[in-house]
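Following: one structure in structure tokens, then a few remarks.
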Amino acid sequence: MRLCVDFFRQDVLVVARSLLGKVLVRCFSDGRVERFLIVETEAYRGEEDDACHASKGRTARTEVMYHEGGVVYVYLIYGMYWMLNIVTGQKDEPQAVLIRGVKNISGPGRVGKVLHLDKSFYGESIVNSSRLWIEDTQEIEDGTVCRTERIGIEYATDEWRNKKWRFEWLLT
DNA sequence: AGACTGATTGGCT
DNA sequence: GCCAATCAGTCTT
């Protein structure tokens with residue numbers, strides 16, 4: 001069952017936690033379909049969160065984060081890695097979940113690589129897309145979820161850097 | 001028009 | 001633990 005817009009309209013912290021255990025589905029241009037179990041996510045929440053790209057304001061790059069939840073935000077980092085984010089929340093409420101890891105593929109850069117992401121995914125609807133969507137498969141138990149500080153945001157102030165907005169599903 | 005930066009990764013010391 | 005690879009976005013001149 002494909003996740004619909006009501007799921008992505010929830011607050012980013014709820015969505016980031018709830019995406020653990022869900023399945024990311026990618027249908028490639030040659031018709032091949034691959035499925036990836038989501039095991040690690042991070043939440044970025046609002047202009048006040050100085051680790052969030054939206055803290056720098058509304059620009060061509062961050063524009064899609066201001067849309068209603070349910071669209072894809074991709075961007076190139078370090079000149080070589082496409083980061084996959086899902087926009088969440090209400091319109092004009094810039095939030096997104098970074099998909100940091102799927103089963104057997106650790107690290108957001110490798111996620112983007114295995115999914116063959118590129119700029120053309122910017123703004124794509126994860127609710128309607130025929131090449132990328134998420135399926136509601138199961139609810140996992142809170143006891144199997146680890147929360148830590150977000151990775152790679154050393155530039156942020158303590159208040160935001162210390163928030164435990166990284167969610168990891170501890171398998172087995 | 002030019003400089004600097006970064007939600008990373010893999011390889012080497 | 002350290003560092004290069006590599007480039008769009010953003011800010012400065």
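Quick note on labels: first sequence line is chain A, next is B, and so on, each numbered from 1. Just so it is clear, the model here is predicted, and its values are computed rather than measured.
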Might you confirm whether atom CD of A:Glu141 has over 12 heavy atoms from other residues, nucleotides or ligands at distances under 6.0 Å? no
Dot-bracket notation for DNA chain B, counting Watson-Crick and G-U pairs under 3.5 Å, with | for partners on another strand: ||||||.|||||.
Between the protein and nucleotides 9-13 of chain B, are there any N/O to N/O pairs under 3.5 Å, and if so, what are the atom names and distances?
unit_1 : atom_1 : unit_2   : atom_2 : d
B:dT9  : OP1    : A:Gly107 : O      : 3.2
B:dT9  : OP1    : A:Pro108 : N      : 2.8
B:dT9  : OP1    : A:Gly109 : N      : 3.1
B:dT9  : O4'    : A:Tyr81  : OH     : 3.0

A:Asp11 meets the side-chain hydrogen bond (donor to acceptor under 3.5 Å, both in side chains) criterion, sequence neighbours left out, with A:Arg45, A:Gln95
C1'-based separation of B:dG10 from C:dA8 [nearest Å]: 22 Å
Within-4.5 Å side-chain heavy-atom neighbours: A:Ser18 and A:Glu139: no
Is it the case that the side chains of A:Glu124 and A:Tyr73 hold a donor-acceptor pair, with the cut-off being a distance below 3.5 Å and no angle test? no
If you measure from the Lys or Arg side-chain nitrogens to the Asp or Glu carboxylate oxygens, is any gap between A:Arg58 and A:Asp92 under 4.0 Å? yes
For A:Tyr78, which residues count as a ring pair (Phe, Tyr, Trp, His ring centres under 6.0 Å) partner, sequence neighbours excluded? none
Side-chain H-bond candidate by donor/acceptor type, A:Thr157 with A:Asp50, under 3.5 Å: yes
Report yes if some heavy atom in the side chain of A:Arg2 is under 4.5 Å from a heavy atom in the side chain of A:Ser129; otherwise report no. yes
Counting primed atoms, P, OP1 and OP2 as sugar-phosphate and everything else as base, the B/S/- map of nucleotides 8-13 of chain C against protein heavy atoms under 4.0 Å is -SS---
Going by an N to O cut-off under 4.0 Å, is there a salt bridge joining A:Arg9 and A:Glu68? yes
Flag the pair A:Glu168 and A:Arg166 as a salt bridge only when some basic side-chain nitrogen lies within less than 4.0 angstrom of an acidic carboxylate oxygen. yes
State, with a plain yes or no, whether a side-chain heavy atom of A:Ile38 is found less than 4.5 Å away from one of A:Val23. no
Indicate yes or no: does A:Arg161 engage A:Glu159 in a salt bridge with an N to O separation below 4.0 Å. no
Sorted by number, residues from residues 148-157 of chain A placing a heavy atom under 4.0 Å from DNA chain B are A:Ile151, A:Gly152, A:Ile153, A:Tyr155
